Number of protein chains: 2
Amino acid sequence: MDNNSIFIEKLRSSGLRPTKQRLEICKLLFNRKKTFHFTINDISKMLKNKTYKKISLATIYNTVHSFKKKGYLKEISVNSDKSYFDTNTSSHHHFLDVNTNELIDLNNEDVDNIKIKKNLPGKKIKSIEVLVKIENNN
Amino acid sequence: MDNNSIFIEKLRSSGLRPTKQRLEICKLLFNRKKTFHFTINDISKMLKNKTYKKISLATIYNTVHSFKKKGYLKEISVNSDKSYFDTNTSSHHHFLDVNTNELIDLNNEDVDNIKIKKNLPGKKIKSIEVLVKIENNN
DNA sequence: ATATAATTTATAATGATTCTAAAGTAGTGT
DNA sequence: ACACTACTTTAGAATCATTATAAATTATAT
Ligand SMILES: [Mn+2]
Ligand SMILES: [Mn+2]
Ligand SMILES: [Zn+2]
Ligand SMILES: [Zn+2]
């Protein structure tokens, strides 16, 4: 139930000091059975409830960005007004429910492997992201 | 060379009055051999040069949004700070050059047809968008 | 314990987008 | 041509997510 020392080690090994704030955010993001998708606003609200001492919004932004840089989070492309992040850092695709604005993982076996038959000189492929927009029937 | 009357008819038939501003924007967007991708800021700058009388930024936003609603433009998902629009309204996918922030069309023959093997009850697929991020070699 | 660099924080700044409400214009009918 | 009305444009304000700033705090090494 208490992965605290694991998080401390994880942070240290990334060159990040294990501060109270980062540990709180680690627990919120990574202490779960399933990965999930979130916006900064989402976790800001969650942290307001969970933690007895307020974590500043700037720190949440800073932390999420460092976690992304270290590869512990991915940012998902959904052309929205806000950024979406994903604790599932494996290569995978998404449904976007346009009625609820919810992101849902597509496992790799749910999508055919994608071959791109065009390539541009001097450029290489960095990532391939599929976004399947879904909506309510009728 | 002068598609003005065509644009006037196109606008009228969509229930949009053919104003000077909308016609200028039509000419800029649709009077070309190839389709293209743009941000509001892009065409705002272009219009500053092209037109002798300034078109207000609010009008550019209004017009681009009505054109999108009428189906003359598509909005592309690139998780960015700005929205990208596309005068190519056919179903197609994109390269995103992360070094230049440029969007490049992938023709449908450049990407295998994508089958989604998962479906959610009560939901139907609205669109499938593939974004291939590319970057400079080395 | 001290020194140093990293981190957090409140707050301001930025930038894209949307809103507002007043002024201007296009289409319609006279 | 004139007047009426609804639509459109416009400048500027407001909003909202995000980033920057710079001072206070904290973690770590010595
Ligand atoms: Mn949008
Ligand atoms: Mn981003
Ligand atoms: Zn995911
Ligand atoms: Zn395109």
Side-chain angles (χ1 to χ4, degrees), chain A residues 4-5 7-28 37-48 51-70 72-73 75-85 101 103, chain B residues 4-5 7-26 28 37-48 51-70 72-73 75-85 101:
Chain A
N4 234 290
S5 49
F7 292 139
I8 291 177
E9 197 34 54
K10 188 175 180 175
L11 288 168
R12 281 233 175 76
S13 72
S14 320
L16 297 172
R17 291 183 179 173
T19 62
K20 275 198 316 290
Q21 293 86 345
R22 283 175 178 156
L23 285 169
E24 279 304 326
I25 295 174
C26 273
K27 281 195 284 186
L28 175 64
H37 307 100
F38 63 89
T39 64
I40 294 287
N41 185 50
D42 289 338
I43 60 171
S44 171
K45 277 190 286 191
M46 291 178 186
L47 289 165
K48 253 172 212 142
T51 64
Y52 86 102
K53 195 174 175 311
K54 174 196 177 192
I55 298 179
S56 113
L57 186 58
T59 298
I60 303 175
Y61 272 98
N62 290 340
T63 303
V64 166
H65 283 139
S66 358
F67 286 4
K68 182 191 169 190
K69 187 173 294 176
K70 296 299 179 186
Y72 304 143
L73 291 174
E75 198 175 356
I76 309 297
S77 297
V78 289
N79 187 21
S80 171
D81 331 339
K82 330 184 222 284
S83 274
Y84 279 77
F85 295 91
N101 253 12
L103 276 174
Chain B
N4 234 292
S5 48
F7 292 139
I8 291 178
E9 197 33 53
K10 188 175 180 175
L11 289 168
R12 280 233 176 79
S13 71
S14 321
L16 298 172
R17 290 184 181 173
T19 62
K20 274 199 315 289
Q21 293 85 346
R22 284 174 178 157
L23 285 170
E24 279 305 326
I25 295 173
C26 273
L28 175 65
H37 308 99
F38 63 91
T39 65
I40 295 287
N41 185 50
D42 289 338
I43 60 171
S44 172
K45 278 191 284 190
M46 291 178 187
L47 288 165
K48 254 174 211 139
T51 62
Y52 88 102
K53 194 173 175 311
K54 174 197 179 192
I55 298 179
S56 113
L57 186 58
T59 298
I60 301 176
Y61 272 98
N62 290 342
T63 302
V64 166
H65 283 138
S66 0
F67 286 4
K68 182 191 169 191
K69 186 173 295 176
K70 295 300 178 182
Y72 304 143
L73 291 174
E75 198 174 355
I76 308 298
S77 297
V78 289
N79 188 21
S80 171
D81 332 338
K82 328 182 224 284
S83 275
Y84 279 77
F85 295 91
N101 253 10

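Throughout, a chain's letter reflects where its sequence line sits, starting with A, and its residues are numbered from 1. Because the structure is a prediction, the values reported are computed rather than measured. The figures here come from the full heavy-atom set of this structure, side chains too, leaving out hydrogens, waters and symmetry mates.
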Does some side-chain heavy atom of [Y] sit less than 4.5 Å from a side-chain heavy atom of [X]?
| X | Y | value |
| --- | --- | --- |
| B:Asn101 | B:Val78 | no |
| B:Tyr84 | A:Asn79 | no |
| A:Phe85 | A:Ile43 | no |
| B:Tyr72 | B:Leu11 | no |

| query | Using a heavy-atom distance cut-off of less than 4.0 Å, which residues of residues 55-67 of chain A contact DNA chain C? | reply |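 Those residues are A:Ile55, A:Ser56, A:Ala58, A:Thr59, A:Asn62.
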| task | May I ask you to check whether B:Thr39 and B:Asp42 show a side-chain donor-acceptor distance below 3.5 Å? | result |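 Checked: B:Thr39/B:Asp42 side chains pair up, N/O donor to acceptor below 3.5 Å.
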| query | Quick one: on DNA chain C, does A:Gly15 or B:Arg12 contact a more 5' nucleotide (nearest heavy atom)? | reply |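 Its nearest nucleotide being more 5', the pick is A:Gly15.
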Round to the nearest Å and state the distance from [X] atom [atom1] to [N] atom [atom2].
| X | N | atom1 | atom2 | answer |
| --- | --- | --- | --- | --- |
| A:Lys53 | C:dT8 | NZ | C1' | 9 Å |
| A:Asp81 | C:dG15 | CG | C1' | 13 Å |
| B:Ile40 | C:dG15 | CD1 | C1' | 14 Å |

| Any residue of residues 16-23 of chain A with a heavy atom less than 4.0 Å from an atom of DNA chain D |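 The stretch gives A:Arg17, A:Pro18 as the residues lying under 4.0 Å from the strand, ordered by number.
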| query | Where the side chain of B:Ser56 meets the backbone of B:Ala58, is there a donor-acceptor pair that is under 3.5 Å apart? | reply |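 Confirmed, B:Ser56 side chain pairs with B:Ala58 backbone.
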| query | How is B:Ser83 classified with respect to the nucleic acid when contacts are heavy atoms under 4.0 Å: base, sugar-phosphate, or nothing? | reply |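 B:Ser83: backbone/sugar contact only, no base atoms under 4.0 Å.
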| said: Reading DNA chain D in the 5' to 3' direction, which nucleotide is the first one with an atom under 4.0 Å from a heavy atom of chain A, and which is the last? | reply: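 Under 4.0 Å from chain A, the extent on DNA chain D is D:dA17 to D:dT28.
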